[in-house]
*Asks:* 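Handing you a structure now.
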Amino acid sequence: MRQRRHPDRGPEIGAKTDEIPEFAPLLDQIDDTGLADAVVTVDALHAQKDHARYLIEQRHAHYLLSIKSN
């Protein structure tokens with residue numbers, strides 16, 4: 001079992017700012033050995049095709065995305 005790894009402090013995101021573009025820059029703070037083969041879980045906001053591709057193709061991680069019906 002692997003322990004959780006996350007950046008010490010992510011970028012400040014304003015209340016009126018879209019979080020979606022901050023997904024990859026936040027995870028880019030974690031080195032490849034820390035993210036490769038890890039399972040990344042995110043809420044429905046980040047259930048984006050581009051985010052899944054980023055995790056699989058660029059970071060060699062696995063993902064668990066929450067989805068919901070609006």
Side-chain angles (χ1 to χ4, degrees):
M1 180 177 277
R2 294 172 61 133
Q3 71 185 97
R4 287 189 228 177
R5 293 190 173 107
H6 53 82
D8 291 332
R9 183 165 175 85
E12 192 79 21
I13 299 174
K16 304 251 182 197
T17 304
D18 186 4
E19 293 179 22
I20 292 173
E22 301 300 326
F23 182 81
L26 179 64
L27 292 178
D28 284 342
Q29 296 178 39
I30 302 172
D31 65 26
D32 285 337
T33 58
L35 207 53
D37 291 325
V39 176
V40 177
T41 60
V42 298
D43 64 12
L45 176 69
H46 295 288
Q48 308 282 326
K49 288 180 184 178
D50 289 340
H51 292 179
R53 281 189 198 108
Y54 165 81
L55 290 170
I56 294 169
E57 295 172 3
Q58 294 181 34
R59 302 307 306 271
H60 308 290
H62 308 279
Y63 63 85
L64 179 61
L65 305 175
S66 300
I67 57 172
K68 64 181 182 177
S69 174
N70 286 337

*Asks:* For D18, check side chain to side chain contact (heavy atoms under 4.5 Å, CB included) against everything at least two apart and list the hits.
*Replies:* I20, P21

*Asks:* What's the verdict on side-chain contact (heavy atoms from CB on, under 4.5 Å) for I56 and Y63, showing C-alpha distance, side-chain angles and the deciding distance?
*Replies:* CA-CA 8 Å; I56 294 169; Y63 63 85; 3.3 Å; yes

*Asks:* Quick one: do L35 and V40 satisfy side-chain contact (heavy atoms from CB on, under 4.5 Å)? Show the steps, please.
*Replies:* CA-CA 8 Å; L35 207 53; V40 177; 3.8 Å; yes

*Asks:* So which pairs with a foot in residues 39-50 pass salt bridge (Lys or Arg N to Asp or Glu O under 4.0 Å), sequence neighbours left out?
*Replies:*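 Counting only pairs at least two positions apart or across chains, the salt bridge (Lys or Arg N to Asp or Glu O under 4.0 Å) contacts touching residues 39-50 are D50-R53.
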
*Asks:* Considering non-hydrogen atoms only, spot the tightest contact between A47 and I67 and give its length.
*Replies:*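 Taking every non-hydrogen atom into account, CB-CG2, 3.9 Å.
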
*Asks:* According to salt bridge (Lys or Arg N to Asp or Glu O under 4.0 Å), who are the partners of D32, at least two apart in sequence or on a separate chain?
*Replies:*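 With sequence neighbours excluded, D32 shows a salt bridge (Lys or Arg N to Asp or Glu O under 4.0 Å) to R59, given in chain and number order.
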
*Asks:* So, using side chain to side chain contact (heavy atoms under 4.5 Å, CB included) as the criterion, who are the partners of E19 when residues are at least two apart?
*Replies:* I13, L45, H46

*Asks:* Any salt bridge (Lys or Arg N to Asp or Glu O under 4.0 Å) involving residues 60-70? Give me the pairs, sequence neighbours left out, ordered by first then second residue.
*Replies:*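 Of all non-adjacent pairs touching residues 60-70, none passes salt bridge (Lys or Arg N to Asp or Glu O under 4.0 Å).
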
*Asks:* Angle between ring planes, F23 versus H51, binned at 30° and 60°: parallel, tilted or perpendicular?
*Replies:*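 Aromatic pair F23/H51 classed parallel.
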
*Asks:* Report the residues that fulfil side chain to side chain contact (heavy atoms under 4.5 Å, CB included) with S66, sequence neighbours left out, ordered by chain and then residue number.
*Replies:*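 Side chain to side chain contact (heavy atoms under 4.5 Å, CB included) check on S66 returns nothing, list empty.
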
